[in-house]
2 protein chains.
Amino acid sequence: MNTRQSGPGTTAQHALEGLRRAIIAGELRPGQRVRQEEIADNLGVSVAPVREALRVLEQEGQVEYRPRRGYFITELWASDLAEIYALRQVLEERAARKALPTLDDDAIERIALAARDCAEAAERGDVAAELAANRRFHFGMLESPDQVHTMRLIRLLWDSTESYRALYYNSPEERAKTVHAHDAILAAVRRRDADALVAELDAHRSRALEVLTRVLDGGGER
Amino acid sequence: MNTRQSGPGTTAQHALEGLRRAIIAGELRPGQRVRQEEIADNLGVSVAPVREALRVLEQEGQVEYRPRRGYFITELWASDLAEIYALRQVLEERAARKALPTLDDDAIERIALAARDCAEAAERGDVAAELAANRRFHFGMLESPDQVHTMRLIRLLWDSTESYRALYYNSPEERAKTVHAHDAILAAVRRRDADALVAELDAHRSRALEVLTRVLDGGGER
DNA sequence: CTCGTTTAGATTTTCGAAAATCTAAGCTAT
DNA sequence: ATAGCTTAGATTTTCGAAAATCTAAACGAG
């Protein structure tokens with residue numbers, strides 16, 4: 001059953017989406033080898049587009065490449081997460097302060113909608129939808145037209161930890177806290193209070209890192 | 001004449017190097033379309049590895065991809081350069097302050113050697129060698145084992161402006177200033193004076209941005 | 001003359017199979 | 001036994017050609 005008909009996207013894009021989904025869903029776990037032909041067969045395509053997609057994920061740091069040995073899902077340690085989250089703090093603070101004054105009512109409405117989507121997805125336990133809505137929420141308040149390169153880096157940092165974030169989202173008690181944190185962040189945006197916004201974002205991020213670190217050191221010790 | 005024998009590297013890596021060289025050498029200019037088959041023929045390989053290499057360059061921001069239309073060498077404007085250099089300032093200051101205390105005599109010797117290589121390459125007008133040595137010089141003082149993700153981002157920022165830096169290096173008067181700036185930077189490293197180092201790096205970077213911006217607004221106005 | 005349509009050529013994209021390489025089990029000599 | 005060598009099977013990597021799509025020039029209707 002070939003799920004793909006020649007549509008607007010290319011087969012390589014389809015392969016990239018399939019790989020991302022598999023990583024988020026936990027079908028491909030950190031450290032695991034990625035068998036190219038298996039992926040290709042599952043998606044009903046040949047290996048060429050799969051390899052292109054893997055090159056993209058390699059640059060994003062989601063897979064590691066060892067020539068003639070293949071691709072492996074990247075394994076992150078607590079120290080990696082700490083470094084990545086510290087970088088996010090620096091870059092996101094800059095982005096938030098630049099973008100906040102430029103947000104119009106329309107943009108804020110989109111952010112609020114994303115927050116609602118996020119809470120709803122969390123409610124019904126749809127991790128993939130929650131991850132997507134969470135991104136819309138955060139990126140919606142950081143994005144500004146003269147900061148495309150900053151956003152490129154921030155997106156990269158988010159990408160490299162996406163699979164670990166999926167773990168975090170499975171804790172029901174954390175979900176409630178996330179919803180509350182988003183409310184506080186949104187309120188700061190509405191008040192146009194940059195310092196408060198940055199403080200709330202920092203707190204939200206720290207909380208996530210803390211939980212993630214605990215999950216990591218506890219559960220998947222290689 | 002196939003320049004490639006099956007060696008340690010893969011054909012895709014060979015294609016990536018070839019593309020990088022062509023971009024630095026100015027054979028592929030900003031805005032220009034990249035004809036896959038032409039690249040493949042020139043390198044004596046097929047299109048598959050060329051496409052993989054292009055995916056890498058796409059993630060680095062060196063080429064832009066439009067599905068079914070092909071790849072185009074990225075065109076940067078003065079505003080893009082300003083943003084990228086501002087990001088470098090933030091990330092490189094962080095990296096330099098972290099790395100400086102960890103540099104041993106051996107590391108400093110490597111940096112000094114890179115500075116000499118850089119000056120020599122400049123002397124004989126070998127732009128490609130100068131670019132490579134310049135990287136060794138700068139990265140040598142930023143790199144530290146617990147900052148791999150930071151370095152990943154910094155490397156990305158350097159990559160995206162590599163072709164424009166090649167322009168800058170063609171000015172003979174600027175070359176002399178670069179040598180002098182490197183001396184001042186190296187001296188600060190030897191004194192272990194973090195504040196001075198950051199100040200010198202900032203000055204060096206600002207100078208480069210200034211010249212680059214002038215070259216850009218003057219010459220290739222599309 | 002302008003706008004939209006058709007069509008031929010160029011280019012990208014994907015495939016299926018061949019070639020190169022790696023992995024690990026089995027074997028031999030010490 | 002153990003270390004090193006050999007070999008069969010699995011996997012990655014590359015190729016050459018077919019299929020899909022785009023570009024731009026030629027054409028025709030209004």
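Note on naming: letters A, B, ... go to the chains in the order of the sequence lines (proteins, then strands), and numbering restarts at 1 for each one.
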Can you tell me how far [atom2] of [N] sits from [atom1] of [X], to the nearest Å?
| X | N | atom1 | atom2 | answer |
| --- | --- | --- | --- | --- |
| B:Arg35 | D:dT21 | CZ | P | 22 Å |
| B:Ile39 | C:dT12 | CD1 | C1' | 14 Å |
| A:Leu54 | D:dT14 | CG | P | 14 Å |
| A:Glu38 | D:dA10 | CD | C1' | 13 Å |
| B:Phe72 | D:dT23 | CZ | C1' | 11 Å |
| B:Glu37 | D:dA18 | CD | C1' | 13 Å |
| B:Tyr71 | D:dT21 | OH | P | 17 Å |
| B:Glu52 | D:dT14 | CD | C1' | 9 Å |

Sugar-phosphate, base or nothing in reach of B:Val50, heavy atoms under 4.0 Å
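Contact class for B:Val50: none.
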Phosphate OP1/OP2 of D:dT13: any A:Tyr65 side-chain N/O under 4.0 Å:
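Affirmative; the distance criterion is met.
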Has A:Thr11 got a side-chain N or O lying under 4.0 Å from the OP1 or OP2 atom of C:dT14?
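Yes, within the criterion.
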Distance under 6.0 Å and angle within 45° of the ring axis: does B:Arg155 meet both against B:Phe139?
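Here B:Arg155 fails the 6.0 Å and 45° test against B:Phe139.
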Between protein and nucleotides 22-24 of chain C, what N or O pairs are separated by less than 3.5 Å?
residue, atom, partner, partner atom, Å
C:dT23, OP1, A:Arg69, NE, 3.3

First of A:Ala48 and B:Gln36 reached from the 5' end of DNA chain C, by closest nucleotide
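Nearest nucleotide further toward 5': that of B:Gln36.
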Basic-acidic side-chain contact under 4.0 Å: [X], [Y]:
| X | Y | value |
| --- | --- | --- |
| B:Arg165 | B:Glu162 | yes |
| B:Asp159 | B:Arg135 | yes |
| A:Glu143 | A:Arg110 | no |
| B:Arg207 | B:Glu174 | yes |

Of all the choices, D:dT12, C:dT14, D:dC15, which nucleotide is nearest to the side chain of A:Arg51 once you look at every atom?
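It is D:dT12.
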Which pairs count as salt bridge (Lys or Arg N to Asp or Glu O under 4.0 Å) when at least one residue sits in residues 112-125 of chain A, sequence neighbours excluded?
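Every pair satisfying salt bridge (Lys or Arg N to Asp or Glu O under 4.0 Å) with a residue in residues 112-125 of chain A: A:Glu109-A:Arg116, A:Asp117-A:Arg136, A:Arg124-A:Asp126.
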Assess whether side chain to side chain donor-acceptor pair (under 3.5 Å) is satisfied between B:Glu83 and A:Thr150, documenting all intermediate values.
CA-CA 8 Å; B:Glu83 189 192 346; A:Thr150 306; 2.9 Å; yes
